[in-house]
Amino acid sequence: MKTQVKRMASFLSFRDKVLIIAITCLILPAIITFAIYNYLTKDAVKEQANISAQNELKLIDEYFKKVFEDMLYTLNFIQLDTELNAILKDPINNKMNHDVATDYEEFINDQKVQQTLDTITLKDQKVYITILLKNGKFYTNYSFHEFNPLNIKKEPWFTILDRLKSYRFIWIAPQPTMIASERKNNSFQLSVARPLRDSNSGVYGYAMVTIMGNRINDILSSENSNHNMLLLNEQNQLIAENQPFHLDLSKQVNEIAGNHSKDIMTIKGKDYLINTRELSITGWKLISLIPYDHAISKINSIFKKVFLFQSLFFIVFLLLLIYLLRRILNRLVELRNVAKKVQKGDLSIRSIVKGHDEIATLSSSFNHMLDKVNEVIVENTLTQSRKREAELAMLQAQINPHFLFNVLNSIRMKVLLKRDSESAEMISSLSKLLRMTFDKHKDMITFQEELEINQDYIRIMNMRQRNKIELRIAVSVETYPIKLPRLILQPIIENAIIHGLSEREGFILIKGNYLNGALMVEVKDNGAGMKIEQLFTIKEILNKAVPDTSKFSDSGKGFSSIGLSNVNERMKLTFGEGFNMHVDSELDKGTKVTMYIPIREEYEHV
């Protein structure tokens, strides 16, 4: 797979690669950002929904607390009111035979109790109070025709009341509606009951306070009617709900009530956000069931809008990016097309890419390179033409030196036949000097050959002038085989004859010693010497990287017009910067040229 990708990438142009990379680097972060945003947003909205549901449950708990506190207050009033307890515990209620006075007193007491029951509850709150005494007598704030309170004793929970200690009470729910007129609008009722206990005689009666189920339903529906609210008792039995949920009371309600680890449950194939709260007074459970889709519907709507706008902006900027990249990269394509035409041999074409960026700089450099290539081609053409002309001239010149040497040799033989040995020797020296000068294949010669050449040169110069020059040679034998560039001493000796001795009598001394891998050569004359200004000028020119030979005076006489600077330059090219030439001169006492030559191994022997 990796190999196939590399093979496919190799066929793509640079522009396509840049476009793919740019689009990929734009799309991937956008997709990852959308995914992370969606994930974090859902977690945040779930957390916010949980917080909102808990606040709602807390508020409902406060409502229930107020209702339950009112019920307990009524129950406690019945238990603790002194006048009411005196009537309920009055022995008159326990007498079997009543006289007229007793009946009247009992009637008055009953009226007081009834009046008390009517006044301890608010008119807008339907609270039903039931008081059952041990002697079978009862008091209620509702009609006997609505419900026979003695039927309460038949309820299974009634027997629990006798086992309650002190002032404890029990909450009873769910319970079928006992008031006939309320059954139409209320499917259940909620009650709290306790035994009426006397510290001396024990239980003398029972009291129960009841409210209807619509009161509970109203509280459950007061805050939010868009989701389900459930109220469960201690046994996880459903007491009330704000809207029908059709739960299996034996299974799913127990599962929801026992849920402590998960905040999302699937009920009947639908996900719900679950939140529970235990009521502060009764210990019952209040459960909020919010459809998960509804909980995240608002944020999903926002996310869809954000996603839509981001997608639109992404597409717009993607198209803009592609357009701009193509505009920029098309300049590279133009440069590539020019390069292809150059590759085919068209050197006259030039790139038309302009600007101040790197691509424009590359285009300008490319054009400059083509100009240079054309210049080099023209120059090479001229060079080749000149080379062919020079080769032809060399072929022609090869005839002249051989012819000249043959003629000189013939003249020398005729001079010897006439017994003029001095002239013959001069011709022989001239022939050797000319042969060494014309031999272009012999750049390096031994120091011994260099000395012999200069001996011939002195002989020729002595024949030209009246006053003779003596050449003195004082060199060690080990210097003979050392190889040097040819004709390095001749320009120095020529300068000594022409400028130092000025064709007067004198001597030229050549010294040579080889020590520690270096050859020391001195050329000294006893001529007129130089002034300080002239000596300074010569030293200054010799020390320059590119000597200016125009400052040297050269008569142009002799076989060479090469000055000291040319000798210095040739020796440095051969032996490197380790070579050193030093000139000393004193007016009317002569001039000395000293050369320090570091000899490389390949030049030590012939």
Side-chain angles (χ1 to χ4, degrees), residues 408 412 420-437 439 442 444-514 519-530 538 552-564 566-568 570-571 581-586 588-597:
L408 288 174
R412 175 174 170 272
D420 187 354
S421 59
E422 184 177 354
S423 297
E425 185 178 357
M426 180 179 177
I427 294 171
S428 177
S429 296
L430 177 61
S431 177
K432 290 179 183 179
L433 192 58
L434 288 175
R435 189 179 298 276
M436 182 60 66
T437 303
D439 192 355
K442 199 171 185 181
M444 302 293 291
I445 61 175
T446 63
F447 188 46
Q448 184 178 8
E449 290 176 321
E450 180 71 17
L451 294 174
E452 291 173 356
I453 291 173
N454 285 280
Q455 288 174 345
D456 292 330
Y457 176 69
I458 293 295
R459 291 193 192 100
I460 293 172
M461 295 301 293
N462 284 335
M463 291 180 181
R464 291 178 55 201
Q465 58 190 20
R466 184 187 312 168
N467 300 315
K468 305 297 182 181
I469 298 172
E470 180 184 1
L471 178 64
R472 302 175 183 176
I473 298 176
V475 298
S476 58
V477 177
E478 61 266 21
T479 62
Y480 285 165
I482 296 175
K483 298 173 71 175
L484 299 174
R486 64 179 179 175
L487 300 177
I488 61 166
L489 297 180
Q490 186 271 334
I492 301 173
I493 294 174
E494 182 180 9
N495 286 333
I497 295 172
I498 296 174
H499 302 294
L501 297 174
S502 300
E503 298 184 358
R504 295 177 299 171
E505 287 188 0
F507 69 88
I508 297 174
L509 174 62
I510 300 176
K511 290 185 178 181
N513 290 301
Y514 181 68
L519 175 63
M520 295 290 295
V521 177
E522 290 183 5
V523 180
K524 182 179 179 181
D525 65 72
N526 61 344
M530 291 182 285
I538 292 175
F552 285 100
S553 60
D554 195 334
S555 65
K557 298 178 181 179
F559 294 97
S560 175
S561 62
I562 300 174
L564 292 179
N566 290 331
V567 173
N568 184 46
R570 287 176 61 203
M571 295 298 284
M581 176 183 282
H582 186 68
V583 180
D584 293 312
S585 182
E586 190 174 350
D588 297 327
K589 289 187 178 181
T591 301
K592 180 175 70 174
V593 178
T594 305
M595 290 185 291
Y596 174 81
I597 308 172

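Keep in mind the model is a prediction, meaning the values are calculated, not measured.
- Residues Met571 and Pro485 have side chains in contact (heavy-atom distance under 4.5 Å, counting atoms from C-beta outward).
- Taking CD1 from Ile453 and CD1 from Ile458, the interatomic distance works out to 13.0 Å, rounded to the nearest 0.5 Å.
- Without hydrogens or angle criteria, Lys511 side chain to Glu522 main chain gives no donor-acceptor distance under 3.5 Å.
- Within the 3.5 Å criterion, the main-chain N or O of Gly506 finds no donor-acceptor partner in the side chain of Glu470.
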Problem - Test side chain to side chain contact (heavy atoms under 4.5 Å, CB included) applied to Leu471 and Gln455, step by step - result: CA-CA 7 Å; Leu471 178 64; Gln455 288 174 345; 3.7 Å; yes
Handout entry: Steps toward side chain to side chain contact (heavy atoms under 4.5 Å, CB included) verdict (Tyr480, Leu451)
Key = CA-CA 9 Å; Tyr480 285 165; Leu451 294 174; 4.0 Å; yes
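- A donor-acceptor contact closer than 3.5 angstrom is absent between the side chains of Thr446 and Gln448.
- Taking CG from Leu519 and CD from Glu478, the interatomic distance works out to 9.5 Å, rounded to the nearest 0.5 Å.
- Of all heavy-atom pairs between Arg504 and Gly527, the closest is NH2-C, 4.2 Å.
- In this structure the side chain of Phe507 never reaches within 4.5 angstrom of the side chain of Asp525, judged on heavy atoms.
- Residues Val593 and Val567 form no side-chain contact, since every pair of their non-hydrogen atoms from C-beta on lies 4.5 Å or further apart.
- Residues Glu505 and Ile469 form no side-chain contact, since every pair of their non-hydrogen atoms from C-beta on lies 4.5 Å or further apart.
- Shown here for Met444 and Lys483, the closest heavy-atom pair between the two residues is CE-O, 3.7 Å.
- Atoms NZ and CG, from Lys589 and Asn526 in turn, are 12.5 Å apart once rounded to the nearest 0.5 Å.
- Taking CD1 from Ile488 and CG from Asn566, the interatomic distance works out to 13.5 Å, rounded to the nearest 0.5 Å.
- The main-chain N or O of Arg486 is found under 3.5 Å from a side-chain atom of Arg570 such that the two form a donor-acceptor pair.
- No side-chain donor-acceptor contact under 3.5 Å links Asn568 to the backbone of Leu564.
- Contact of the Thr594 side chain with the Val521 side chain is not registered, since no non-hydrogen atoms from C-beta on lie closer than 4.5 Å.
- Contact check for Ile497 versus Tyr457: side-chain heavy atoms found under the 4.5 Å cut-off.
- Here the shortest heavy-atom pairing between Asn513 and Thr479 reads C-CG2, 3.8 Å.
- Scanning all heavy atoms of the two residues, the minimum distance from Glu450 to Leu487 falls at OE1-N, 2.8 Å.
- The minimum heavy-atom distance between Thr591 and Met530, with the atom names listed, is CG2-CE, 4.0 Å.
- Taking each heavy atom of Val523 and Leu489 in turn, the nearest pair found is CG2-CD2, 3.9 Å.
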